[in-house]
Amino acid sequence: MSNDPRRRQPRRAVPGRVEVFDVILEEPVGYLGNLSAGGMLMMANRSLPDDALFQFRFHLPDGIGAAQPLEVGAHVLWQDKAGAPGQSWIGLRFLGLSPDATVRLRAWAAQADD
């Protein structure tokens, strides 16, 4: 978990490869890097338009993720080319999370990494 004092929310690295889907296009966009209740870092399989808004879906690795995937609205804050061709690191801020999604993300991000 990041203890960076500039962060407003606890942030936690996501273990393994948790795939992120674009809800509108119904296609994979990339994989989660880390998460907080306020946003996420994603390793995307392509660049995304700057300042764009998206609706994403992923299975939070919290024991109930397979039964109840999270859908989040997200705003692209920044992006940077990754080491692999065609991939980008993208920082996103969540918008309009449901109360359930907020509770699940806060609880998950507050746990200690194993």
Assess whether side-chain contact (heavy atoms from CB on, under 4.5 Å) is satisfied between Val14 and Trp108, documenting all intermediate values. CA-CA 10 Å; Val14 177; Trp108 187 84; 3.7 Å; yes
Are there more than 12 heavy atoms of other residues, nucleotides or ligands under 6.0 Å from atom CZ of Arg17? no
Side-chain donor or acceptor of Trp89 paired with backbone N/O of Leu41 under 3.5 Å: no
Asp80 CG to Gln87 CD distance, which is reported to the nearest 0.5 Å: 13.0 Å
Does some side-chain heavy atom of Leu35 sit less than 4.5 Å from a side-chain heavy atom of Phe94? yes
For Ala37 and Leu97, the nearest pair of non-hydrogen atoms, with its separation, is O-CD1, 3.3 Å
Do Val18 and Tyr31 belong together in a cluster built from hydrophobic side chains that touch within less than 4.5 Å? no
Yes or no on side-chain contact (heavy atoms from CB on, under 4.5 Å) for Trp78 and Ile90, after CA distance, side-chain angles and deciding distance? CA-CA 6 Å; Trp78 60 267; Ile90 301 181; over 6 Å; no
State whether the side chain of Gln79 and the backbone N or O of Leu48 hold a donor-acceptor pair below 3.5 Å, judged by distance alone. yes
Given 3.5 Å as the limit, does a donor-acceptor pair link the side chain of Ser36 with the main chain of Gly38, or not? yes
Are Arg57 and Glu19 within salt-bridge range, i.e. N to O under 4.0 Å? no
To the nearest 0.5 angstrom, please state how far the NE2 atom of His75 sits from the CG atom of Asp50. 9.0 Å
CG-CZ distance between Leu105 and Arg12, expressed to the nearest 0.5 angstrom: 11.5 Å
For the atom pair CD (Glu71) and CD (Gln55), what is the distance rounded to the nearest 0.5 Å? 5.5 Å
Say you draw a straight line from OG of Ser88 to CG of Asn45; how long is it, rounded to the nearest 0.5 Å? 9.0 Å
Distance from Glu26 atom CD to Phe21 atom CZ, nearest 0.5 Å? 8.0 Å
Should Met40 and Val20 count as side-chain neighbours, where that means a heavy-atom distance under 4.5 Å? yes
Can you tell if the side chain of His59 reaches within under 4.5 Å of the side chain of Gln68, non-hydrogen atoms only? no
Out of the candidates Ile24, Asp22, Val29, only one should pair with Phe54 under the side chain to side chain contact (heavy atoms under 4.5 Å, CB included) rule; please name it. Asp22
